[in-house]
2 protein chains.
Amino acid sequence: MPAREHIERPTAMYRAVAARVAQDIRDGRYQPGDLLPSEADMVAMYGVGKHTVRSAVAELRTMGLVESRQGKGTIVLGGGALPATVVERSISRTAKGIWGVPQMEQADAPAVSRTTLDGPAGALLDQVDQDAISVDRVLYDPSTGARAAHRTLIPMATTADVPSLAQTPDAEITELYHQLAQAGLTLTFTDRITARTPYPDEQAALRIPDASPLMITYRITSDADTARPLLCEELKTPAALCQLDYPVTPTRAPAARAPRRRTRSA
Amino acid sequence: MPAREHIERPTAMYRAVAARVAQDIRDGRYQPGDLLPSEADMVAMYGVGKHTVRSAVAELRTMGLVESRQGKGTIVLGGGALPATVVERSISRTAKGIWGVPQMEQADAPAVSRTTLDGPAGALLDQVDQDAISVDRVLYDPSTGARAAHRTLIPMATTADVPSLAQTPDAEITELYHQLAQAGLTLTFTDRITARTPYPDEQAALRIPDASPLMITYRITSDADTARPLLCEELKTPAALCQLDYPVTPTRAPAARAPRRRTRSA
DNA sequence: TATCATTTGTTCGTATGTATC
DNA sequence: CGATACATACGAACAAATGAT
């Protein structure tokens, strides 16, 4: 057992209350689905002020252990279990230029618009401030109801080389890949994954439970010969509802990996 | 004394204040590194109570826009940029049975212990309540200071087949793979990724900035012939500091994947 | 349908502790 | 040391949602 440097907090009552209740949840004294004692009850139970209890419960909420509902109470959530929906991130190739991508159902028709590339997607495409076609979809898993936001970004520089992309940008992703392959390009794919706390609009659109992070995946499609990025898929999934699944295929090359370390661009 | 600014009330005053300040940050009126006006100033600026301002600032903190420090003030963080450290998740094979895995530096010597498999790792290994050897490491990226927690779980069922694993469980991961391969097993790898709000101890151990999610990756090593899971690597990375990078290699097989959908186990 | 008790959400006030400069 | 700023904690009151009567 390694010496664990325990950081002693200068006693904060609300943290102590939160830790106590959290332990009670882990010990099973409060079962998932149960209601916690009401704020008034906890004020009496622990002999502290209402504000202290509220801060403690807020702590439990941001820890993802409970969820509060006005007029009803504070519900204990099931802790530790993996999210139900598994998002397959593999790509299969049935024939030359024919790509298979596991997909979720679409909630609505895709929304096509013209945007300027900025932020992470622009940086990864190496096309900051350049124009692109943006195709937005809301995906969902019928069996669990989990929602995800999908965006395809097609830089205008790519449509210049492969004009057919601009004709039907809202086609299936596999079709876009097919068109790129038919233009004589050899495709390689890289996924870049990060996570953050969702914005309020994302929280509403994807029905994200309280305090659950958002996982964001950028799939960059590049040309193998020139290493030039051609296309970007952005997928936003609520971490509480989705896992990502990657089959890791060993590469035979002796790991000729350039140490490409991204520097903070803003 | 700052000028007094009027503010509309859509729903909750503290949300309105938070939205206003968030917009000011996005519009560049508050630059990254700047200090927000003090709580007392904001009370005067917006004509609201101290509690309302505190709730608004708390909102901004959980949104990841600012960070508060006692005695100093509330600092505006730089938003939108991708985290600096890129964690490569590829596996290369230089020769038969010789595996290459990109790795970060180790902070300390590995800690070996005996545990009972439970939670997500146990479920993914299909070995709930079975015994296993656990090897814990703290990794870090010297160039950015980012820390990550790595755990190797070796089920006793696997050491029964490959006894050498139990001899030096704290060897390099590649060495463990090598021993499995020498035992006549054909290895396949799958990564399963999720994210959640970190626990306080994780927050302290990994130096996670306020309200940043934790990304958790499970790499399951299985035998290709029997599809039996042999080994699990668990990697916890702070999302604010790390991205995960996956090269997606298309599989030639026509996606003969069983739709294994996990159900909530607790 | 309407009323009512319960429970959380929001807002105000005040006071004290503690870290930073 | 003092001034400033955030953190914690007590109090009170009303609003809004919920569920049962």
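Each chain gets a letter, A, B and so on, in the order the sequences are listed, and its residues count up from 1.
- Computed from coordinates, the B:D41 CG to D:dA5 P distance equals 6 Å when rounded to whole Å.
- Under the salt bridge (charged side-chain N to carboxylate O under 4.0 Å, His left out) criterion, B:K50 pairs with B:E39, not counting sequence neighbours.
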If you restrict it to nitrogen or oxygen atoms, what contacts under 3.5 Å exist between nucleotides 9-13 of chain D and the protein, and what is each distance?
| residue | atom | partner | partner atom | Å |
| --- | --- | --- | --- | --- |
| D:dA9 | OP1 | A:M13 | N | 2.3 |
| D:dA9 | OP2 | A:M13 | N | 3.3 |
| D:dA9 | OP2 | A:Y14 | N | 3.1 |
| D:dC10 | OP2 | A:G49 | N | 2.9 |
| D:dC10 | OP2 | A:T52 | OG1 | 2.2 |

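- Contacts of A:D24 classified as side chain to side chain contact (heavy atoms under 4.5 Å, CB included), with partners at least two apart in sequence or in another chain: A:R20, A:R29, A:Y30, A:Y46.
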*Reading nucleotides 15-21 of chain D from the 5' end, what letters show protein touch, with B for base, S for backbone sugar-phosphate only, - for no heavy atom under 4.0 Å?*
BBBBS--

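- Considering only side-chain N and O atoms, A:S68 lies nowhere under 4.0 angstrom from the phosphate OP1 or OP2 of C:dT7.
- Nucleotide C:dT6 is matched to D:dA17 when pairs are restricted to Watson-Crick or G-U wobble geometry with both distances under 3.5 angstrom.
- Between the CG atom of A:L36 and the P atom of C:dT7 there is a distance of 13 Å, given to the nearest Å.
- Aromatic ring pairs are classed by plane angle as parallel below 30°, tilted from 30° to 60° and perpendicular above 60°; the pair B:H51 and A:H51 is tilted.
- Rounded to a whole Å, the CZ atom of A:R54 is 8 Å from the C1' atom of C:dT10.
- Judged as a side chain to side chain contact (heavy atoms under 4.5 Å, CB included), and not counting sequence neighbours, A:V128 has no contacts.
- Nucleic acid contact for B:S55: none, since no nucleic acid atom lies under 4.0 Å from a heavy atom of the residue.
- Looking at B:T152 and B:R137, their side chains come closer than 4.5 Å, going by heavy atoms from C-beta outward.
- Among residue pairs with one or both ends in residues 52-72 of chain A, none qualify as ring pair (Phe, Tyr, Trp, His ring centres under 6.0 Å); sequence neighbours excluded.
- The separation between B:M45 atom CE and D:dA5 atom P is 13 Å, rounded to whole Å.
- Taking the side chain to side chain contact (heavy atoms under 4.5 Å, CB included) definition, one finds that B:Q31 meets it with B:D34, sequence neighbours left out.
- Residues passing the side chain to side chain contact (heavy atoms under 4.5 Å, CB included) test with B:A239 are A:A195, B:S212, B:P213, B:M215, sequence neighbours excluded.
- Residue pairs meeting the salt bridge (Lys or Arg N to Asp or Glu O under 4.0 Å) criterion with at least one partner in residues 40-49 of chain A, sequence neighbours excluded, are absent.
- Applying the 4.0 Å criterion to OP1 and OP2 of D:dC6, one finds that B:R61 has every side-chain N and O outside that range.
- The CE atom of B:M42 sits 14 Å away from the P atom of C:dC12 (whole-angstrom rounding).
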